[in-house]
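Notes follow once the structure below has been shown.
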Amino acid sequence: MQVRLFNTFGREVQDFVPIEPDAVGMYTCGPTVYDYAHIGNMRTYIFEDILRRTLEYTGYKVRHVMNITDVGHLTGDEDDGEDKMLEGARRKGMSVWEIAAMYTNAFFNDTDRLHILRPHVACRATEHIEDMIDLIRRLEEKGYVYIANGNVFFDTGKFESYGKMALLDKQELRAGARIEVDTTKKHPADFALWFTNSKFEHQTMMWDSPWGRGYPGWHLECSAMSMKYLGEHFDIHCGGVDHIPVHHTNEIAQSEAATGKKWVNYWLHGEFLLMNQGKMAKSTGNFLTLQGLVDSGYDPEDFRYLCLGAHYRSQLNFSEDSMSSARSSRRNLIERLVRLREAGPPAPLEKLNTPAREYLDEFAVAIRDDLNMPKALSVLWNMMKDENLGGGEKLCAAFAMDRVFALDLERAAVRENTLDRSLAALIEKREEARRNRDYALADSLRNELAGHGVILEDTASGTRWRRES
RNA sequence: GGCGCCGUACCCAAGAGGUAAGGGAGAGGUCUGCAAAACCUUUAUGCACCGGUUCGAAUCCGGUCGGCGCCUCCA
């Protein structure tokens with residue numbers, strides 16, 4: 001079945017045809033590890049994870065590469081000059097190297113909790129300086145660079161299709177609208193490949209190069225590392241929408257100028273998570289971290305569920321309401337699965353009956369239609385509520401879908417059901433009170449159990465208990 | 001100022017020419033000692049607004065209003 005994806009390059013939904021028949025090379029822009037990632041960042045990584053899982057579900061073998069930007073670049077708005085890594089280091093009283101290690105760990109801790117698959121290669125910029133220098137050499141040999149004020153720049157005027165993906169030719173760019181243009185550049189769009197004349201004080205991350213001791217420009221690492229691990233021509237490159245006009249535009253320019261050929265076939269970009277009517281951004285303090293959500297009583301899966309509810313190319317408004325409704329929804333789903341699971345095991349996938357298979361087909365159509373997860377989720381719900389399906393069928397199909405949703409449904413469906421002996425005794429005591437029609441006592445015991453986070457449900461087949469979640 | 005995207009019920013959100021998915025929340029009911037849970041019913045003749053095209057428009061075209069993003073590091 002055909003996977004269709006929206007390609008930012010061309011701005012249309014296209015049939016996905018990989019370079020190799022069954023294998024896909026996929027590069028995703030990773031974190032700059034100078035601070036904790038926020039849930040807006042995480043939304044993009046979840047989108048990329050869904051892309052990867054959709055491709056794998058379809059049968060492709062995916063090779064996933066992601067960069068870790070551990071070289072410092074500019075800090076936030078109105079920035080005139082502190083290196084992000086240095087700033088982070090100063091704040092924590094650690095070295096830039098320690099900062100990078102600490103926030104890299106924090107990043108993967110978050111992505112693990114969100115069931116985001118780890119990339120096959122997670123490559124650090126600082127470990128690929130030689131590859132970057134080689135790339136600049138190639139560009140230099142082809143005449144795409146010039147040196148000004150001690151820094152090596154890419155000459156965008158020499159690259160004819162510069163800005164094609166971002167439609168920059170249609171724009172009247174207001175260069176210098178918000179930040180002063182570096183007057184040493186020939187053109188405002190030109191960007192640095194290598195700095196020897198840092199505008200930052202106390203730069204500690206520096207390397208020798210043919211152009212002098214210094215450090216690489218930001219865009220360079222993605223070009224150098226993606227080509228190293230995926231080849232000079234590969235299938236998919238992803239990132240947030242903010243990367244379209246500058247970062248990815250510059251990556252395309254330097255990569256294709258160096259190799260003289262097409263670099264990436266499909267460009268996919270995830271939209272922002274908005275909060276308080278604006279984008280989530282570290283620089284303005286308008287952001288939340290995953291741990292912040294956990295501290296407020298949410299599970300990481302609640303956030304993943306929230307993200308599944310909106311298409312990746314739509315802005316998603318984060319609010320207390322939307323977050324708690326995602327939590328309720330996910331808990332309801334798991335409640336259903338738990339009840340089914342208590343009644344019996346999932347049916348084997350290969351013996352699934354036709355109605356259940358039809359739901360799986362419908363699910364597959366949805367995810368392959370440019371990752372329509374809201375639609376896929378509605379298929380799951382319709383399947384769960386279909387009275388013509390047996391419990392085992394439902395469990396089996398739900399777990400199959402969860403290979404893409406990644407809400408950890410299979411584990412969540414088996415509720416840990418050990419209860420402290422004293423609490424179990426209270427339940428027994430209440431049962432006795434009910435048998436004796438001493439409802440006042442029974443109710444007070446129920447309240448006492450509620451105080452311990454144990455909720456009772458009297459059903460026709462006896463009393464069930466569950467933990468307040 | 002330029003470019004791009006968006007406006008669907010109380011909230012989140014699919015749908016992109018053929019008569020409004022799904023979830024959350026709310027209301028009524030069945031069951032129950034009471035609850036809870038579950039189940040059933042229910043909540044947009046309507047898709048920001050105004051025109052136009054069409055047998056037919058949330059869907060296409062034009063305009064108006066409102067929101068967001070990018071043009072600067074950024075998911």
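All chains are named by letter (A, B, ...) in the order of the sequence lines, taking the proteins before the strands, and each is independently numbered beginning at 1.
Atom pair Arg331(A):CZ and A38(B):P shows a separation of 13 Å (rounding to whole Å applied). Taking atom CG on Leu316(A) and atom C1' on G23(B), their separation rounds to 13 Å, with Å as the unit. In this structure, His243(A) places its NE2 atom 18 Å from C1' of C5(B), rounding to the nearest Å. Going from atom CD1 of Ile244(A) over to atom C1' of G4(B) covers 8 Å, rounded to whole Å. Remark: C1' of A75(B) and CZ of Phe303(A) are 11 Å apart, rounded to the nearest angstrom. Between Leu441(A) atom CG and G33(B) atom C1' the separation is 14 Å, expressed in whole Å. Here the P atom of nucleotide G24(B) and the OH atom of Tyr305(A) are 7 Å apart, to the nearest Å. Rounded to a whole Å, the CD1 atom of Ile427(A) is 19 Å from the P atom of A36(B).
Minimum interatomic distance between Leu274(A) and Asn317(A) (heavy atoms only, all atoms of both residues): O-OD1, 3.4 Å. Listed here is the closest heavy atom pair of Ala37(A) and Phe107(A): CB-CD1, 4.2 Å. The minimum heavy-atom distance linking Ala100(A) with Asp70(A) is given by the pair CB-CB, 3.8 Å.
Residue order along RNA chain B, read from the 5' end via each residue's closest nucleotide, puts Ala440(A) first among Ala440(A) and Glu387(A). Where Arg339(A) and His38(A) each meet RNA chain B at their nearest nucleotide, the meeting point lying more 5' is that of Arg339(A).
Counting any heavy atom pair closer than 4.0 Å across all strands shown, Leu456(A) reaches a base atom. Using a 4.0 Å heavy-atom cutoff across all strands shown, Gly40(A) reaches at least one base atom of the nucleic acid. Nucleic acid contact class of Glu335(A) (heavy atoms, under 4.0 Å, all strands): none. When heavy atoms are screened at a 4.0 angstrom cut-off, Arg435(A) is found touching no nucleic acid atom at all. Using a 4.0 Å heavy-atom cutoff across all strands shown, Val246(A) reaches sugar-phosphate atoms only and no base atom. Contacts of Asn317(A) with the nucleic acid, taken as non-hydrogen atoms under 4.0 Å apart, involve only primed sugar atoms and P, OP1 or OP2. Nucleic acid contact for Met280(A): base, since at least one base atom lies under 4.0 Å from a heavy atom of the residue.
Because its glycosidic torsion is within 90° of 0, A58(B) is reported here as syn.
Aromatic ring centroids of His128(A) and Tyr229(A) lie under 6.0 Å apart. Taking the six-membered ring for Trp and the full ring otherwise, Phe234(A) and Trp263(A) have centroids separated by under 6.0 Å. Aromatic ring centres of Phe154(A) and Tyr162(A): separated by at least 6.0 Å. The six-membered or imidazole ring of Phe363(A) lies near that of Phe405(A), with a centre-to-centre distance under 6.0 Å.
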Q: Whenever both distances are under 3.5 Å in a Watson-Crick or G-U wobble pair, mark it; put RNA chain B into dot-bracket that way, with [ ] for crossing pairs and | when the partner is on another strand.
A: ((((((((.[[[..)..(...]]]((((((.......))))))....[[[[[..)....]]]]])))))))....
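In this structure, Lys375(A) and His311(A) have side chains that are not in contact, with every pair of non-hydrogen atoms separated by 4.5 Å or more.
For the pair Trp381(A) and G22(B), the ring geometry does not qualify as stacking, because the centroid separation below 5.5 Å and plane angle under 30° are not jointly satisfied.
Rounded to whole Å, the P atom of A35(B) lies 26 Å from the corresponding atom of U43(B). Straight-line distance between the C1' atoms of A44(B) and A21(B): roughly 14 Å, to the nearest whole Å. Spacing of P atoms, G46(B) relative to A37(B), comes out at 35 Å, to the nearest Å. Comparing the P positions of C50(B) and A25(B) gives a spacing of 34 Å, expressed to the nearest Å. G66(B) and C49(B) are spaced 10 Å apart, taking the C1' atom of each and rounding to whole Å. For the P atoms, the distance from U30(B) to A36(B) is 14 Å, rounded to whole Å. When the C1' atom is compared between C6(B) and U53(B), the two are found 24 Å apart, to the nearest whole Å. The separation of C12(B) from A48(B), taken at their P atoms, amounts to 14 Å, rounded to a whole angstrom.
Here the side chain of Pro245(A) is nearest to one of C70(B), G22(B), C39(B), namely C70(B). Comparing G24(B), A75(B), C34(B) by their closest approach to the side chain of Thr44(A) singles out A75(B). Taking every side-chain heavy atom of Arg434(A) into account, C34(B) is the closest of A75(B), C34(B), C39(B). Taking only side-chain atoms of Arg430(A), from C-beta outward, the nucleotide of G33(B), G23(B), G69(B) with the closest atom is G33(B). Distance from the side chain of Ala310(A) is smallest to A14(B) among G33(B), A37(B), A14(B). Comparing G24(B), A14(B), G33(B) by their nearest atom to the side chain of Tyr439(A) picks out G33(B).
Proximity of Ser314(A) to the phosphate of A14(B): a side-chain N or O atom is located under 4.0 Å from OP1 or OP2. OP1 and OP2 of G22(B) both lie 4.0 Å or more from every side-chain N or O belonging to Arg330(A). Taking only side-chain nitrogens and oxygens, Lys385(A) never comes nearer than 4.0 Å to OP1 or OP2 of C39(B).
Donor-acceptor pairing under 3.5 Å, judged by distance alone, is present between the side chain of Arg446(A) and the base of A35(B). Within 3.5 Å, no donor on the side chain of Asn332(A) pairs with an acceptor on the base of G23(B), nor the reverse. Side-chain atoms of Asp458(A) come within donor-acceptor range of the base of C34(B), with a qualifying N/O pair under 3.5 Å.
Here Glu428(A) pairs with Arg435(A) in a salt bridge; the nearest charged N to carboxylate O distance falls below 4.0 Å.
Evaluated for a salt bridge (charged side-chain N to carboxylate O under 4.0 Å, His left out) with Asp299(A), the options Arg330(A), Arg113(A), Arg331(A), Arg327(A) yield exactly one hit, Arg330(A).
Aromatic ring pairs are classed by plane angle as parallel below 30°, tilted from 30° to 60° and perpendicular above 60°; the pair His219(A) and Phe191(A) is perpendicular.
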